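Keep in mind that the numbers below use all heavy atoms, side chains included, and drop hydrogens, waters and symmetry copies. Keep in mind the model is a prediction, meaning the values are calculated, not measured. Order of the sequence lines fixes the chain letters, A, B, ..., with proteins taken first and strands second; residue numbering starts at 1 for each chain.
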Amino acid sequence: MELVQMQKSLQDYTKSLFLDGVLDSQFLQLQQLQDESNPDFVSQVVTLFFQDSDRILNDLSLSLDQQVVDFKKVDPHVHQLKGSSSSIGAQRVKNACVVFRNFCEQQNVEGCHRCLQQVKKEYYLVKNRLETLFKLEQQIVASGGMIPAMELGF
Amino acid sequence: MVCEMETDHQTEEMDVEVLSSMWPEDVGGTEPDNQFNVEKPAGDSDTLKEVEFAEKRTMADLKRLPDLLNTTDQGSSQLTNLVKQWEYMQDHAVRLLREELKILTKQREEAEAKELKIIEEHNFETEEPENVPVLDESSDLFRRFKEKKRDKLVGRKRIEIDEEFDTVAYWKQKALSLEKMLEASTERERRLIEKLNESLKTMESHSAPVEELTQNLKRAEGFLHFILQNAPIVMGHQDKDLRYLFIYNKFPTLREHDILGKTDVEIFHGGGVKESEDFKREVLEKGKASKREITFETDLFGSKTFLIYVEPVYNKAREKIGINYMGMEVTDQVRKREKMAKLREDNAVRKAMESELTKTIHITEETMRAKQMLATMSHEIRSPLSGVVGMAEILSTTKLDKEQRQLLNVMISSGDLVLQFINDILDLSKVESGVMKLEATKFRPREVVKHVLQTAAASLKKELTLEGNIADEVPILVVGDVLRIRQILTNLISNAIKFTHQGKVGIKLKVIPEPSFASGLELNADAEEQNGLTETETSVWIRCDVYDTGIGIPENALPCLFKKYMQASADHARKYGGTGLGLAICKQLVELMGGQLTVTSQVDLGSTFTFILPYKVATSNDHSDDQDEFSDMVDHQPEPDDSTEGYFQFKPLLGSIYSNGGPVIGNNFLPHKVMLPSPVKLINGQSEAVQVENGGYMDGPRHETRSGHCPESPHQYENGNGPCPSKESESCSSSQASSEMESEFTVSSPREEKKTETEVKKTSKQPKILLVEDNKINIMVAKSMMKQLGYTFDIANNGVEAITAINGSSYDLVLMDVCMPVLDGLKATRLIRSYEQSGNWDAAVEAGVDIKTLEDKQLCVRSTNRLPIIAMTANTLSESSEECYANGMDSFISKPVTLQKLKECLKQYLH
């Protein structure tokens, strides 16, 4: 693939992530923080986010499958996930977490289960998209190109 | 007979007669009548047998009673009635007897006629012995009987003797037969006499009227007793002085002589006695029977309620001689009734309260929903917006040409405004709950107007002329809450623009005398104080008109115009959108500042919103040192020339007659200053106006590119040189870093190093920051941001670690997450504050925090300075700023943390 074309498709792809609400402006913040001194910052943070979230989601699944659900255990996990997703700009995961916490507050097991599914769905979506994004970036870098800066204007 | 009587008596006074006619004939003994058995339970016949008519229960003045009965209508009518009844019965008997007599007489006449015949035929028969009973010589009746019977016999005899006429045997025989007949006749006569005697006897037995009357009376009395024996009834008769002459009481508590001849008042004492007496007197006076319920409260029988019936009594001369009264105890019923009434009342009250409560709940819910909506909105808008503004700021640090800078400044300015609006919308609830605090800052009204118009023009998508007109007498510099005033103006202007499709929208400012509503207004003391107005300072009232040539507002929509979430009509809401909050906020803000917001409007011609506000006049001497105080106003393009400018106009570029026909770059309507002959002034040889030149547009204010000048405002950067460093902050270099932990975070970007190199010499110490955060990702992001801002920091993962860190080292700033495991940010902050006050960690130890004993350190830690603690809150609702402040935090950053927010915060607290 042509480098220019790849760069274009990366831009389009990134744009679509914002338009779909998968990511929000916080992700731009991350990209902004990435500079020459820290060229892999975004992927580092996001990787950390994936590791952290995989663990949290696992813990959440276990906690919610208990005979008696201990909401005092569940809620901090959700809070954690909400914080992380909010920090990297994974907007839809964050929004799902907000709903999740409401159900935790209400001690609604049924609602929590549904929310967990929703959170997982959104999480895997953003994970999938971000991985694709990084792949595209890597391809560009491998082809000797520059990662185009995000447009601020959309 | 009873029936007959009734019909007979119907013509007479009913109320009296009915009583007598209704008395059953048989009642009065122990013998129960059928009709009573029907009404009474089966077992009652026994009861009736036990009935004793205890005469003693009736307290009667026996001497007076007959007297009374004789003198009163009621009494005499009863007697009359009894007499009539008896008379009638007698009449009836007489009639019967007469009829019988008539029959007998007739028979006798017949018999006599026959006898005469026989005698005519047989003269000899005259010597026939006369066997007339001597029983009743005088009784004509008896003789007639006898004669009649003889006639019959004779008639027959005559037929028998026809054959053997004139023989001895014949006569003998005849004599014999006659004898027999005579005997038979005598016998019959005797029987008849017996019968007659019997009849007479019965007649005699009926003939005594007194006896009959007595019986009737007894019956009546018996009936009364039967009815009344268990009834809780008191009956009495009182004379016209209301002295008791007669009383019947089933449960007497007083003896006869205690009552008779006395009045109520003489007998009882206590509540109700007087009332009862008054009532009786009233009845007596009015002469009309009446009922009333009276509650007695006497020593004698406690608290009892009686239903009292009182009727006046007249004598035959129709003079009032007293009253009859009947009382029935209805205490229980009254109590029940009152209970019921009370229950009903309670019910009604409860229902009213319920509906009130429902209303309140409804309102509360609505409020909650609105607040939730606002919080969500602000949260959802704030983060992306701060992203936009942050990026724009970062963009402004890059190399830009003048055009780009100009655009960027407008962008940042607008973005900042929106951020402010969001905060202000949240402030609305603060205004309502009375916690809104106004700030007194110096500002230039002309600049405010200009900026508001400029900002509005920047986003204008219609061909509208925006103009500002400020009267000369309006002071250059006034003191007020510029943020709020600007918010009001922006709101009104954007509203005006929204509803105006052609023509112009403008702001007019002029000084007015103190309005009547404010004169002597004590209420506004608070607001004025907040506004920085005090008695000694000169204050000025400025009237601000925001006018448009828009669609106008129908008169009927005006009242609800300033209500929250209300728009002139549903159609408008659909067509123009909007929250309907704007005007409500404006009105509340204006009123909070001690002013007044009004509107005049004409449909299709336009509207004018007018607000008048008091301001303190600031002396221009203050001008030089108030720069940062109202940096909000001057941050983007402080144009000193504006201070005297009285008129601005912003014209749409497209199709505008002022555009000089030149080509237009882009589709934007750009702020465009029309050069007007009079008010525009050129100062220092520069035109501050953004002019149209050859179809392009002019540069921004000149001073921006002046070298060496760097106002302390967050958005002012020197061209291409990155953020202008403030005097003592933002120095960072790894060599200066003193913390043990921060080495990994202290890699500075070359750009920053270059920038700060000169600063390092001035500032000897890198500020020490502690980040308390449990989320690794957040830490990582914050770390990167801090690095870019040129800071390093230590990390604590929870409140306990934070306390340990603070105990072990001195910090200049703490960034504290609110929600953390082990010990949350709020509690940790409280413990830190407690430590600052007491100098020891006792409270923390008490709370279970394991403080390593570092007594010596405790003494040498930071001086008495309060450690700035900034909260990092995730959610504006559950981790509210109020809660942060209440727990001793100094400020807060809402999450997710952005570069912009972090920078502002650090700038504020690190000097």
Inset, instruction - State whether the number of non-hydrogen atoms from other residues, nucleotides or ligands found under 6.0 Å of A:K120 atom NZ is greater than 12. - result: yes

Legend entry - B:V897 versus A:Q26, closest heavy-atom pair with distance: O-NE2, 3.0 Å

Inset, instruction - Give a yes or no on this: more than 12 heavy atoms of other residues, nucleotides or ligands lie within 6.0 Å of atom NZ of A:K127. - result: yes

Legend entry - chain B contact via A:L33 - which portion, at a heavy-atom distance below 4.5 Å: both

Legend entry - Student check: side-chain heavy atoms of A:Q29 and B:V781 closer than 4.5 Å: no

Legend entry - Under the salt bridge (charged side-chain N to carboxylate O under 4.0 Å, His left out) test, residues paired with A:D52 that sit two or more places apart: A:R55, B:K776

Legend entry - Where B:N775 and A:S84 come nearest, the two heavy atoms and their spacing: ND2-OG, 2.7 Å

Inset, instruction - Please round to the nearest 0.5 Å and tell me the distance separating atom CD of B:Q900 and atom CD of A:Q32. - result: 12.0 Å

Inset, instruction - Measure across A:H79 and B:C819 and return the closest heavy-atom pair with its distance rounded to 0.1 Å. - result: NE2-CB, 3.1 Å

Legend entry - Nearest heavy-atom neighbours spanning B:N778 and A:G83: OD1-O, 3.2 Å

Inset, instruction - Measure the spacing between CD1 of B:I777 and CG of A:L81 and express it to the nearest 0.5 Å. - result: 8.5 Å

